[in-house]
Amino acid sequence: MSDTPLLTATDLGYAYQEAGQSHTVIDHASLELAKGELVALLGASGSGKSTLLNLLAGIDQADSGSVVIAGHNISTLQEPDLTLFRRQHIGFIYQLFKLIPTLTVFENIALPLELCQIGTAQRLQQVSDWLHQIGLQNRQHAFPDQLSGGEQQRVAIARALIHQPMLVLADEPTGNLDAETGLHVLDLLTNLAEQHQQTLVIVTHSETVARRAHRVLEIHNGKLHSASSQLAW
Amino acid sequence: MVAASLLTQLKTSLRFFVKHPWQLWLTLLSIALGSAVMIAVDIANQSARQSFSDAVDHISGQATHYLIARNHQALDDTLYTRLRVDWGFQQSMPVIEENLVIHGIEYQLIGIDPLAMISIETQQSSVLPREQNWVRLLTEPKTVLITEQTAWQLQLNEQSTLKAMINQRTQTLQVVGFINNSALFSQQQILLADIATAQELTGMIGTLDRIALVLNTQQADRLASLIPENVQLITSSQRSNTLEQMTAAFRINLTAMSLLAMLVGCFLVYNTMMFSVLQRRQQFAIQRMLGFTGLQIFWQMLIEALLFAVIGGISGIVLGIVLSKSLLQLVARTINDVYAEITTGLLHIEPLLLVKGIGLTLVAVVLATLGPALEAARIAPATVHRKSQLEQSSQRLTPYLSVTGVICMIFALTTLYLFPRQLIAAFAALFILVIGYSLIMPLLIQSLVNLCSRFLPASSSLSKMALRGLQRSLSRTNLAIIALAVAVSATVGVGIMTTSFRSSLADWLGITLQNDLYISSSSPDGTRVEGSLESFWLPALEDMPEIQAISHSKASHLQINNQSIALLILQPGHQRSRGFHLLQGNSNRQWLRYLNGEVVLISEPYAYHQQLGVGDALEAITSEGKPITLEVGAVFQDYSSSQGMIVMHRSLYEQHWQDRSISSIGLLLKEGADANQLKQQIQQLATPGQQAVRIRYNKEIREQSLAIFDRTFAITDVLRLLVILVAFVGVFSALMVLLLEKQREYAVLRATGLTPVQLAQLLLIQTAITGLLAGVLALPLGWLMSELLIHVINQRSFGWSMNSVLPVSILAQAVVLSICAALLAALFPIKRLTTMSLSKNLRDL
């Protein structure tokens, strides 16, 4: 883990309008993430965890504040530069896997490499390696709906990490899996992220996941707190 | 590398449609049908035009000019002798054209002089075979040359005999050889005969249809000064332009109708593509989240659409060619009835026409996909987390769409105002109006659904559930409703126009046909008015006590500004202005001026096309070549010709023309006189073996005219049906996809306790409401279309004005048709949904 922050979010604010009223979701949140750091983000349902992830990735535009990743202020980036930045530097993992149903396991994993314009030979090699690492080399031609939940999430992890993004954002990656499978998937994700020196932010309700983290943050009423001292695990 | 990710994108598209085969096939069918109707109408139009010009043009070789009779009847064949012998024009050839039928197939008999033909044909285009064969045309009676295609088609050889029906008579013809260069006639079905044989077979003894000539400018000037006044020298291009000009409006109307099918097809493509975007919303969001740009998603959609357009367009060509065979019969029949005699001929398929068809299909499909493609490109990566917010966003868009729709409709009306005479502008306005109304429809649908929910009985929970389901999925059902409404509105619009036209025609016939019996000179086969009546008829009829009044007329042509216009020389039997519905100059004074030979009457189409009115002057040429000025006394309603007509009193005609002949007599009988008995008496006056005459009752002419009208509009009815078919496929496709898309939701309902019958009822209620909405919303648009068709497009096309009639039956039929189409389209998806595996669908939740 390096001391230089990979990501610096300063004073982030986000609200939405409903029935003429403004509802604050993120209230002046600031944080720093170091390279190779594993951070767990806790919070009740609807507390703004996923919104914060979206703001960190530039998927949603903050009303105030800024997000700087590896020296790039993504808050000032416009399309398509924002997409190109995300394509290269950020990986996503979701609770409901979000694989492309019409692509095979192999094609889903290869997609970020194609977008990053990696040559065919290298792409084939890398995908094969990753299939091996996630233990799905025999299922490479299967479509997502032919896989179990755990298998789908392993594919999603490979897809998120294969192009070696600096930052990986995982939104309740084990939330849709049984305890045992969840544990396997978590092991895989943390090991691989560690192995590739990637910064990992995991949104979770799980104590097990939080225990693995270097740092735990909690979001409550839109405000972000460091939660390590409050945890009794 | 970009290509690699594009390939992956296309792979996802392909697999999406492979997983949704119904959507794929129905999209392709919508495109293919829309494209087929457009291509079929184009081919039929083109083939009809070719059958008019090609055969004679090929046979006439390098002919530069034609001599024809000014009154558009036959030429005296002594003119040909004078032409060659007295005036020395050796490069000339007489021509007779007539249709004949062999084994139920229509052919064109062309009579020529083989010796003269050699003088005007080129080496390359020589159609005569070796000399021993064509000489037999001159030496043996009833001999013909045929093309190799005809020989193959009728299983004939160079020595065969064949039986042909010409002018209702069966004739036995002897084949004496094949036409050389048969490939020139690949699109026509022709038989070539010597001119004398053609005269004998067609009964045109002593007459010719035209004389083809090869002339330079000086020769043409010299010949123009030599020919009699009743003969006209025209260039070959003028001749081929004649039908072109006459039928232009008719063809534009057909083309517009076919474009309407394409427009409905576009709605359906828009519908399907938008639907596929909605279905893949999550997928596109994931793609965006992974780093695909909006532009990449946009191109993915456009390339998908292009592939659809290419496959649909190619299938459309095949379907279009099949369809055009039937349409050609209808087009040719209308042209024969209304404009000029042509053979039905073979299909004339120009590669350029097919390229145009595919090109238009591509453009239409891509344009229809732009909206869905932009929608797909705008999908934000954040959507990956969210359930569809489509209903809210579509409801937010509704007011903007409505305002745009109103602007479109105002623009359409402005276009009509700014271009008061252009037909193309009128059609453009019609299409903009349809698009404008389509944009307003979502608001109308929303309002109607809200209104329905307010009036539904509280006890009918199933209906309420159906309505709420519809309300929730309006963004998805709107397009299906709009597509069906547009198609049904075309039925309403054209239906009202046809009914109004028929009613105006019947009224006009009632005014025009004031006499009880009509006698006219006839062609030998008795099928058309031709030539003049012999002079004994008028005195003989005047002696008959049953007759109250006799009117008589002569059909001719008049030269005005180097253009030939139909002229009717009319001597009314009574002094009142009965027989004309005068639209301008409707006063006793003007009628008396007509009776005194001071003014002429002009028909409404002529007044419209030439922008003439009462008091205007016409500069005409008399038979002696003297210019005379005719004053327009009144404009009368007339549906007999879209080119227009001038009516001149006999007294005025006789002041300037030597001709004293008449071609028709109208008899008004006294009260109580027996028309049947009188007809028999008149038939006895006609001497057997002499000139053929036709004696017809008022009712007979009226029925024949209305029958021709119905035949003329048969093609419109066919095209209307095709538009409905395109819409039906679209609605079927939309409902199928929509219902199958919601099968998980229905599975929950079934699991909660809804029986299959109740589920079927729920779905039927929903689709019936969909059909009802489309039917009801089609009515205002249909009425607007009919007003445009009646008062703008018909006037600009043909110069005819007519009264609008609003038949309730057509409106009711439209609503019923719409509901039935929707219900029929829903039957199959409902069957699938009610028999679905509950466990499977619940597991997929």
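All heavy atoms count here, side chains included; hydrogens, waters and symmetry mates do not. Treat the numbers as computed from the prediction; the structure is a model and nothing was measured. Each chain gets a letter, A, B and so on, in the order its sequence line appears, and its residues count up from 1.
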If you count heavy-atom pairs under 4.5 Å with chain A, which of B:V18, B:L290, B:L14 comes out on top?
B:L290
Exercise: do B:Q300 and B:T12 side chains pair donor with acceptor under 3.5 Å:
yes
If only side-chain N and O atoms count, and only distance matters, is there a donor-acceptor pair under 3.5 Å linking A:K98 with B:Q282?
yes
Take A:E218 and A:K49, measure what salt bridge (Lys or Arg N to Asp or Glu O under 4.0 Å) needs, and give me the verdict at the end.
CA-CA 9 Å; A:E218 189 177 10; A:K49 302 183 299 289; over 6 Å; no
Measure [X] against the heavy atoms of chain B and call it side chain, backbone, both or neither at under 4.5 Å.
{"X": "A:F85", "result": "neither"}
{"X": "A:I90", "result": "neither"}
{"X": "A:L111", "result": "side chain"}

Measure distances from B:R280 to the heavy atoms of chain A and classify the residue's part below 4.5 Å as side chain, backbone, both or neither.
neither
Do you know which two heavy atoms are closest between A:S66 and A:N73, and how far apart they sit?
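Looks like CB-OD1, 3.9 Å.
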Determine whether the aromatic ring centres of residues B:F292 and B:F284 are separated by less than 6.0 angstrom.
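Here the rings of B:F292 and B:F284 have centres that are no less than 6.0 Å from each other.
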